[in-house]
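Accompanying notes for the structure given below.
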Amino acid sequence: MHELAITQGILDLVAEHAAAAGAARVTAIDIVVGEMSGFLPDSIQFYWDELSEGTVARGATLRFRRVPLRLACADCGSLFPPGDGRFDCSACGSPRVRVAQGRELRVESIDVEETA
Amino acid sequence: MSQRVPVVEKITKANDRIAALNRALLDSHGVFGLNLLASPGAGKTSLIEATLPRLRGRLRVGVVEGDLATSLDAERAAAAGAPPVQLTPRGACHLDAAMVHDALPRLPLAELDLLIVENVGNLICPASFALGTHADVLVASTPEGDDKPYKYPSMYGRVDALVINKIDLLPHLDFDMERFRRGVAVLSPDAVAFPLSCRTGEGLDAWIAWLAARTRPKRGAG
């Protein structure tokens with residue numbers, strides 16, 4: 001359900017940047033979704049088909065780049081996915097780790113056509 | 001001819017913009033805002049009920065109720081000393097900045113020191129929407145299990161303060177506090193933790209002291 005609000009956010013961003021570029025039509029949108037952002041691309045796509053109807057971006061292809069959650073070890077420098085119910089470093093076992101990637105949620109770029 | 005136009009902007013931009021307005025409004029009145037997050041049943045309302053009487057005479061507190069278990073919670077908060085502004089996000093799974101923006105004018109901000117916003121009980125959706133409050137406080141509870149930070153990294157990754165409620169039940173549970181806190185430390189390294197029991201009152205003093213230290217009374221509270 002919260003994907004509805006996020007899809008509207010995508011549409012607003014796209015419309016703003018399409019207008020600034022003088023675009024008549026948006027054909028594709030590149031979206032970066034981190035695993036930790038909690039958003040499901042399939043749900044965004046579902047709402048997109050409804051919301052984009054009648055806008056400059058109707059029918060535009062959504063291209064998702066999913067960024068998996070990765071932790072970085074402060075001791076051995078290893079970059080690794082979280083284990084099942086544990087965050088300790090998979091290489092050296094250190095608990096001194098931090099989130100290196102997976103929080104992303106942004107529109108990277110749009111493909112536009114100048115004339116309809 | 002198709003052409004690629006860089007955007008590189010957060011999808012939550014519109015919400016963040018309204019959240020910034022909320023923050024500015026709270027700041028202009030010297031009000032410290034809390035976004036109270038939790039799963040259903042963790043004890044958000046119990047924490048408010050336990051907190052309000054302990055702040056009475058020291059800080060003036062306003063409450064925005066956004067949880068779906070609405071009217072009952074509003075009655076409980078009112079009984080504890082803060083007439084709440086009720087949001088009824090029908091069917092909504094989270095509060096967003098716009099809802100709080102609508103609620104703020106209905107509060108006597110000039111007379112408040114602290115504003116508690118009780119978010120919808122949900123560990124997923126509310127994690128994505130800043131409200132403009134100053135601190136995100138997550139109420140966890142021991143019966144939920146020590147695996148919750150690992151299962152809900154988005155929520156546990158945005159926490160300023162973590163209340164670990166129902167510690168009076170620890171003798172009856174297999175809750176590994178160390179494992180729980182290790183998970184939180186990875187996701188929210190700066191979060192302060194308050195193990196407590198709203199039922200027995202154990203641990204509440206530290207929580208109240210933290211709140212009081214971050215909230216400056218504008219004048220002698222009545």
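Note: hydrogens, waters and symmetry copies are ignored here, and every other heavy atom, side chains too, is used. Each chain gets a letter, A, B and so on, in the order the sequences are listed, and its residues count up from 1.
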Check the angle between the aromatic planes of B:F129 and B:H94 and answer parallel, tilted or perpendicular using the 30° and 60° thresholds.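 Taking B:H94 first and then B:F129, their aromatic rings lie parallel (interplane angle under 30°).
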
Does atom NE2 of B:H101 have more than 12 heavy-atom neighbours from other groups under 6.0 Å away?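 No.
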
Is the backbone N or O of [Y] less than 3.5 Å from a side-chain atom of [X], with the two atoms forming a donor-acceptor pair by type?
X: A:R70; Y: A:L79; result: no
X: A:T27; Y: A:D111; result: yes
X: A:E16; Y: A:V14; result: no
X: A:R25; Y: A:A57; result: no

Region of [X] in contact with chain B, defined by heavy-atom distances below 4.5 Å:
X: A:P95; answer: both
X: A:Q8; answer: neither
X: A:L13; answer: side chain
X: A:R96; answer: neither
X: A:I29; answer: neither

Hey, which of A:R63, A:R98, A:E104, A:E35 has the most heavy atom pairs under 4.5 Å with chain B?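 Among A:R63, A:R98, A:E104, A:E35, the one with the most close pairs to chain B is A:R63.
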
Which one, A:D12, A:V99, A:L105, leads in non-hydrogen pairs under 4.5 Å with chain B?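 Answer, by heavy-atom pair count under 4.5 Å with chain B: A:L105.
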
Heavy-atom contact with chain A under 4.5 Å, split by part of B:P189: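 Nothing of B:P189, per the 4.5 Å heavy-atom cut-off to chain A.
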
Identify which part of B:K13 has an atom lying under 4.5 Å from any heavy atom of chain A, answering side chain, backbone, both or neither.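 The side chain, not the backbone.
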
With chain A, which of B:M155, B:R179, B:R158, B:K151 has the greatest number of heavy-atom pairs at distances under 4.5 Å?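 Greatest number of close heavy-atom pairs with chain A: B:R179.
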
Atom CG in B:L47, atom CG in B:L34: separation rounded to 0.5 Å?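 Between atom CG of B:L47 and atom CG of B:L34 there are 9.0 Å.
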
